[in-house]
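Heads up: the structure comes next, in C-alpha cells.
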Amino acid sequence: MYKKGDFHLHTTASDGKLSPAEIVTNSKKAGLDIIAITDHDTISGIDSALYQGEKVNIKVIPGLELSTLYNNKSVHILGYFKDPSFISLKFKNFLKEMDSYRVERGKKIVHNLNKFFNINISYENIVKNAHGIITRPHIARAIIDEGYNYSFQDIFKNFIGESCAAYVPNKKLSTLEGIKMLQSLNALVVLAHPVLIKDIDIEELIRFPFHGIEAIYANNSTEDTNKFIEYAKKYNKIITAGSDFHGSISQKDKNLKHSHAIGEVFLDEDGINIFLDKLNSM
Ligand SMILES: [Zn+2]
Ligand SMILES: [Zn+2]
C-alpha cells in the first residue's frame with residue numbers, strides 16, 4: 001500500500017524547472033511512493049515520468065492541470081488518468097491547439113510590454129529558456145534577465161497580472177467545458193488549489209461536477225485545509241494533496257507562490273486509498 005502521495009507536480013514539459021525524470025527521482029528521494037505529474041495543459045512529460053517511475057519504483061499517475069475560465073477568472077482543474085491509453089488523440093490535438101494559442105499569447109504579451117511599459121524583451125529568448133510551453137513566469141524571468149530591475153512580484157503586480165495592461169488571457173475554455181472534456185476521457189477531475197481562487201464563491205465552484213478538491217495544498221493555513229475538508233464532506237468530494245512544486249527558479253524567487261518542496265504536503269495512506277478507489281472506478 002502507498003503511504004505518501006503528492007498529486008500536483010510540474011516539470012519542464014510546462015513551467016517546472018526539473019525534467020520529468022528528475023521530478024520522479026527527487027520524489028522518491030523525498031520519501032513519496034505515489035505521485036502525479038500535472039503539467040499545465042500538456043501531457044508531454046508523462047511518458048518519460050512513467051518510464052522513470054518504473055525504474056526507481058514509485059507509482060506515477062498520469063495527469064495534467066487544465067487552465068479554464070469561470071466568469072473570466074482563472075480556474076485550474078487537475079485531471080488524473082488511470083493510464084495514458086485513456087488520453088485520446090482528439091484530446092491530444094486539443095492540447096496542441098492550446099499550445100499554439102499560447103505561443104500567440106506570449107508574443108502578444110511581449111508586444112504589449114513594449115507598447116504600454118516600454119519594456120523590451122525578445123520572444124526568441126523566452127522560447128530558448130522555456131523548453132516546453134510559454135507561461136508568464138517565463139516572461140517575467142526574461143524581463144529580469146534582460147536587466148530590468150524588477151522582482152517577480154513587481155512584474156506580476158504591475159505588468160502581466162490578470163488586471164494589468166499587458167495581460168493576455170489563455171485560450172478560453174470554460175470550467176464546465178474543461179470538466180466535461182476530462183470526464184469524457186474517464187479522468188478523475190479535481191478542483192486545483194481552491195485557496196488561490198479569488199473573487200469567486202468557492203462553494204459555487206465546488207458544486208460543479210468535480211470528483212474532488214485539492215483540500216491539502218502547500219499554501220494553505222491549517223484553517224484553510226480544515227475548511228476545504230469540510231466542503232469536501234459537505235459536497236461529497238474526495239480530497240487530494242499537492243505541493244504544486246515547480247522547482248524554485250532562483251534564490252530570489254523563494255517567496256513566490258510556486259516555491260514549495262516536493263512532498264511538502266501529502267496525502268496519507270487512507271487518503272491515497274480513497275483516491276485510487278475513485279480513480280479505478282472511472
Ligand atoms: Zn494551478
Ligand atoms: Zn500547478
Side-chain angles (χ1 to χ4, degrees), residues 5-20 23-24 26-27 32 35-46 49 60-70 72-81 95 98-99 102 105 130-140 152 156 160-162 167 169-171 173-175 178-179 182 187-200 202 205-206 208 210 212-220 224 228 239-249 253 256-267:
D6 185 341
F7 294 88
H8 191 157
L9 297 165
H10 292 271
T11 78
T12 46
S14 63
D15 55 348
K17 194 190 170 201
L18 303 180
S19 71
I23 285 284
V24 171
N26 288 8
S27 298
L32 296 161
I35 58 169
I37 300 297
T38 55
D39 278 305
H40 295 286
D41 307 314
T42 181
I43 46 154
S44 65
I46 296 298
V60 176
I61 309 277
L64 85 167
E65 183 172 21
L66 205 55
S67 316
T68 72
L69 286 174
Y70 179 64
N72 264 326
K73 302 277 173 200
S74 153
V75 172
H76 287 175
I77 302 178
L78 294 160
Y80 302 100
F81 300 95
L95 293 177
M98 257 182 126
D99 187 46
R102 254 185 207 274
R105 174 211 193 209
H131 308 290
I133 58 168
I134 312 295
T135 65
R136 284 179 294 158
H138 294 121
I139 293 171
F152 245 75
F156 269 84
I160 59 173
E162 271 178 49
Y167 177 72
N170 275 314
K171 190 176 171 66
L173 173 71
S174 82
T175 301
I179 295 172
L182 288 171
L188 191 152
V189 189
V190 171
L191 174 63
H193 45 61
V195 74
L196 298 185
I197 296 171
K198 307 282 178 231
D199 309 318
I200 302 176
I202 289 292
L205 266 185
I206 293 174
F208 274 68
F210 290 108
I213 58 177
E214 192 176 42
I216 303 171
Y217 184 71
N219 283 59
N220 287 5
D224 292 328
F228 295 132
I239 63 163
T240 65
S243 66
D244 207 359
F245 178 75
H246 283 71
S248 58
I249 299 167
D253 310 327
L256 256 191
K257 65 176 185 182
H258 281 324
S259 305
H260 304 294
I262 295 176
E264 185 176 312
V265 293
F266 59 88
L267 211 54

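Starting from 1, each residue takes its place in the sequence as its number. Numbering of ligands and ligand atoms starts at 1, following listing order.
- Here Asp199 contributes atom CG and Lys73 contributes atom NZ; the two are 4.5 Å apart, rounded to the nearest 0.5 Å.
- Take the N/O/S atoms of Glu65: the one nearest the Zn ion (ligand 1) is OE2.
- Summary: NE2 is the N/O/S atom of His8 found nearest to the Zn ion (ligand 2).
- In this structure, the side chain of Thr68 does not engage the main chain of Ser174 through any donor-acceptor pair within 3.5 Å.
- Using a 30° and 60° split on the angle between ring planes, His40 and His76 fall in the perpendicular class, above 60°.
- Among the atoms of His10, an N, O or S atom falls under 2.8 Å of the Zn ion (ligand 2).
- Taking backbone and side-chain atoms together, His193 has an N/O/S atom less than 2.8 Å away from the Zn ion (ligand 1).
- Its N, O or S atom nearest to the Zn ion (ligand 2) is what matters here, and for Asp244 that atom is OD1.
- Not a single N, O or S atom of His246, from either the backbone or the side chain, sits less than 2.8 Å from the Zn ion (ligand 2).
- Rounding to the nearest 0.5 angstrom, the gap separating the CD1 atom in Ile262 from the OG atom in Ser243 is 6.5 Å.
- Nearest to the Zn ion (ligand 1), among the N, O or S atoms that His76 has, is ND1.
- In this structure, CZ on Phe228 lies 12.0 Å from OG1 on Thr240, to the nearest 0.5 angstrom.
- Using a 30° and 60° split on the angle between ring planes, Tyr217 and His8 fall in the tilted class, from 30° to 60°.
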